[in-house]
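Below, chains carry the letters A, B, ... as their sequence lines are ordered, and counting in each starts from 1.
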Amino acid sequence: MELPPRYNFNDVEDKWCKDWEEKNLFHAQANPQKKSYTIVIPPPNVTGILHMGHALNNTLQDIIIRYKRMQGLETLWMPGTDHAGIATQNVVEKQLAKEGKSRQDVGREEFLKRLWEWKNQYGDTIIHQLKKLGSSCDWERTRFTMDEPYSAAVKHAFVSLYKKGLIYQGQYIINWCPRCQTALSDEEAEHQDTQGSLYHIRYPFKDDPKKFVTVATTRPETMLGDTAVAVNPKDKRYKKLIGKTLILPILKREIKIISDEFVDPKFGTGAVKVTPAHDPNDFAMGKRHNLEFINIMYPDARLNKNAGPFAELDRFTARSKVIETLKDSNLLEKMEQHSHAVGHCYRCDTVVEPYLSKQWFVKMAPLAKPAIAAVKKGKIKFTPARWTNVYLNWMENIRDWCISRQIWWGHRIPVWYCSHCPEGKNIIVSETTPNECPHCHSKKLKQDEDVLDTWFSSWLWPFATLGWPQKNKDLEYFYPTASLFTASEIIFFWVARMIMAGYEFMGDLPFSDVYIHGTVRDAQGRKMSKSLGNALDPLEIIKEYGADALRFSLIINSGQDLFISKEKFEIGRNFANKIWNASRLILMNTAIENKAIDLSKDIAYDKLDLPSQWIISRFYSTLSNVEKAVENYRFSEAENLVYEFFWHNFCDWYLEISKNNFTDPVVQKITFAILKQSAQMMHPFMPFVTEELWTHLKSGEETIAQSAWPKVHKKLIHSAIESEMQTLTELIAAIRNTRAAWNVKPHEEVECHLTSSAKKDIDLLRDNGNILKSLAKIKTLHVDSHLTKPADSAAGIVGKIKFFIPLGSFIDLAKEKQRILSQIQEQTKMSEGLTGRLKNKNFLKKAPAEVVGKEKARLASIQTRITELKEAIKNLG
RNA sequence: GGGCGGUUAGCUCAGCUGGUUAGAGCAUCUGACUUACAUUCAGAAGGUCGAGGGUUCGAUCCCUUCACCGCCCACCA
């Protein structure tokens, strides 16, 4: 076999990427003969470039998809990208800015043209990168949230919700990003703790300007929009003042003191300035008390004419000017340090402004109902389970969803206004562009300028990608999907909304399992980000270590949040190399004609020697445990299992033993069959190296990706065999250990005497003498049930087996004595502890008989061991 | 302010219904060019399982208090 000693992953991975795609291997089709297993990819943003989070997310999906595919299910992994409204628009705006232009300069139509150009040029980047990872998506189906059919689905969803009265338009305070100049949903405003100041400002009374009420605020510039001061009706300090008139400083506007339960008497001064147009609470108070709503800002957060002397200033400049002015007129009582959470735009990190504007909203409570019930009933399960509460908590307190965005990249809201009909009656909501007003037949219609929140399209992803609202076979066959893999940040944005959409539009859940994986961080625990410069580029890792290594290393570290540094990828690279070289050894030494070996039929298991029985048993018990682990989403455990089996059972022991017997056709068969099935077992985790090996292991034309997952033969799993072999390996380890302690050169062969009081052991040792001799480098081996310790020999014990290695000139009696003495000490300590426990009446009464029995046996063996050790010391003289 | 998670070897983490001597990888140290692999092999050392209290015959595991770290949610100006 002409395999090179160093596994060349770059070439191999490129080759199979191409091959799989050319064969369109992962294309799924409705097939009533089989059960379906569907995953929809969390669509990365078209602007996205592959980062470690994607790598982890997609590896997880690929593992389970490949696993289920091999298990014979019709697996569909639906890929695609999200148009990512604001994010993408920002990218192209930056491009324009380099030419010194704004989007307004070029106009909507031209700007959209630019966006599409950008999308067509760069939008597939991340798709290509996902392929390099080995993702076995159905690439033929790749979707984009702004594809024509998908857009139709979005419109359909909007219109259908509108018809049910679940979508409404209204003037409310929303989160406004002054840089993006658009509304944001509550989820899109990220709260960051900020050290700010709490300003205490004096508002003088109209009828006694020397007296005043002091209010506290963190945003003093908003005072220019104040239309009242509120106090708690129960607050004794202010009770008498309710209804009095104050003079708003600077603008000299007369405002009233009102009372409202909302006010917390304990915070600040107990008196709150009320700015109904710039604060959500004040907005509510404004409605309750019929206050005036004064908007003091332009959409870019400069102050407008209503701000009087501060008009045209930026909000933060205005803030300091206001403070200065108040100081000058002695109306600033004090400034306190105050830390509070300030909302920031999740796309550009600008401080968001609570801003009064007309927006579209979705009424969420009715949608949440079935989505809550589904999770409570366990129809949808979160893994890890603790996310269930996070989800339920949010859903039970859900607020209406602001879905309109004042940007241009996205699905335009399917609403038209008739310029002839009166306000309020002029709205036309339609899936298709209307020609005329249905009421007055006017043709003067104008479409709503806004587009929909990106998430208003992605919440339809599990079914809109399958052709909804059209009814078709695919939708019927592949929906509901099976599992969804995502990070916790996305639960509210996407997962919760998909569940609601699933029930609302499909009448059924979108998926039954939600797997929430950890965040990938750097070695210091910081999030990976470009600006910090700590981001490891998965593509670089793929180049340097291989995609299999990237995948394997990420997953084996993925118990919770991952702390990743470059060296962590060595484990995967080394393992791939190990697999490669073990295969070389086997392929170089075996001549297998019929490559389809069924270990349960083609081998006389009962006649095999211990190591062969053992490796077969180990393989099937590992396989069975891997299945359990994957089914329960315990991926890192699954990888640990295959790693342990392949490296430390198969390579370290079985292959080492078999090396000497490779001429035996039975050993060849077994070795080959185990390698072949191991490759299959490891394929979901390391698709490339296993696919490459498969070309040498398979009998037909199929790829390993399409091959059938090996069947667990329970009859070939024997714990007795596994424990016998364990005795043997422990004995070998103990002999090696003793040799090392005495500085016996590794290749120097020694004499060894073995004995045991159990006949079983004697048989075991006699049957496997060759193995002992070769692996423990023993020249002459003496096995005897009655044996006295040879002079000048080092001794050791494994279970009931004692071994002696005559060391002649090597031996240092004092040192050996010391060794044995410390062993005696250790054993005595243990036996004392055990004796104490076995004398405890409560223990004997309450502990299960099984445990008591085990402890008794343990004590007995420790005691014999102690006497033996003592004897050994006597023999030393 | 509410909620959740974490604290186990120098580092990163397993330890899945409480029960032998708490495991692995990396790093460290000793030794080995053994013809599959030095991305290797053979060994060693390293832990009062964050602290206190409780439940139990028995606690890394259950309860409780505390400390520190992290995350999420939140309209206290």
For [N] and [M], measure between their [atom1] atoms and round to the nearest Å.
N: B:rG25; M: B:rU34; atom1: C1'; result: 25 Å
N: B:rU7; M: B:rU48; atom1: C1'; result: 16 Å
N: B:rC72; M: B:rG19; atom1: P; result: 34 Å
N: B:rA22; M: B:rA14; atom1: C1'; result: 11 Å
N: B:rG58; M: B:rG18; atom1: P; result: 15 Å

Shortest side-chain distance from A:F492, nucleotide among B:rC72, B:rA77, B:rG15:
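Of B:rC72, B:rA77, B:rG15, B:rC72 is nearest to the side chain of A:F492.
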
Compare all side-chain heavy atoms of A:D279 with those of A:R219 and state whether any distance is below 4.5 angstrom.
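Yes, side chains in contact.
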
Tell me what [X] touches on the nucleic acid: a base, only sugar-phosphate, or nothing, going by heavy atoms under 4.0 Å.
X: A:H338; value: sugar-phosphate
X: A:A741; value: nothing
X: A:R739; value: nothing
X: A:K854; value: nothing
X: A:N840; value: sugar-phosphate
X: A:P384; value: nothing
X: A:E637; value: base

Can you tell me the Watson-Crick or wobble partner of B:rA22, both distances under 3.5 angstrom?
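Looking at the geometry, B:rA22 pairs with no nucleotide.
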
Determine the interplanar angle of the A:F382 and A:Y391 rings, folded into 0 to 90°, and report it as parallel if under 30°, tilted if 30 to 60°, perpendicular if over 60°.
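Aromatic pair A:F382/A:Y391 classed tilted.
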
May I ask you to verify if any side-chain N or O of A:R386 is less than 4.0 angstrom from the OP1 or OP2 atom of B:rG3?
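No, because none of the side-chain N or O atoms of A:R386 sits under 4.0 Å from OP1 or OP2 of B:rG3.
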
Per-nucleotide protein contact string for nucleotides 24-38 of chain B (B base, S sugar-phosphate only, - none; heavy atom under 4.0 Å):
-S-----SS---BB-

Taking only nitrogen or oxygen atoms into account, show me every contact under 3.5 Å that the protein makes with nucleotides 58-62 of chain B, one pair per line with its distance.
none

Roughly, in whole Å, what's the span from NE2 in A:H191 to P in B:rC75?
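Roughly 5 Å, once rounded to whole Å.
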
Under 4.0 Å between a side-chain nitrogen and a carboxylate oxygen: does that hold for A:E187 and A:R497?
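The answer is yes: the pair qualifies as a salt bridge.
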
Please tabulate, one pair per line, all N/O donor-acceptor pairs under 3.5 Å involving side-chain atoms of residues 642-654 of chain A, not counting sequence neighbours.
unit_1, atom_1, unit_2, atom_2, d
A:H648, ND1, A:D652, OD2, 2.9
A:N649, OD1, A:R618, NE, 2.8
A:N649, OD1, A:R618, NH2, 3.2
A:Y654, OH, A:S612, OG, 2.9

Identify the pairs formed between an N or O of the protein and an N or O of nucleotides 44-46 of chain B at a distance under 3.5 Å, and give each distance.
unit_1, atom_1, unit_2, atom_2, d
B:rA44, OP1, A:N737, ND2, 2.9

Sorted by number, the residues of residues 390-398 of chain A with heavy-atom contact under 4.0 Å to RNA chain B:
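Per residue number, the list is empty: none.
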
Just jot down the side chain to side chain contact (heavy atoms under 4.5 Å, CB included) partners of A:Y172, sequence neighbours excluded, or say none.
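With sequence neighbours excluded, A:Y172 shows a side chain to side chain contact (heavy atoms under 4.5 Å, CB included) to A:Y168, A:F283, A:F361, given in chain and number order.
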
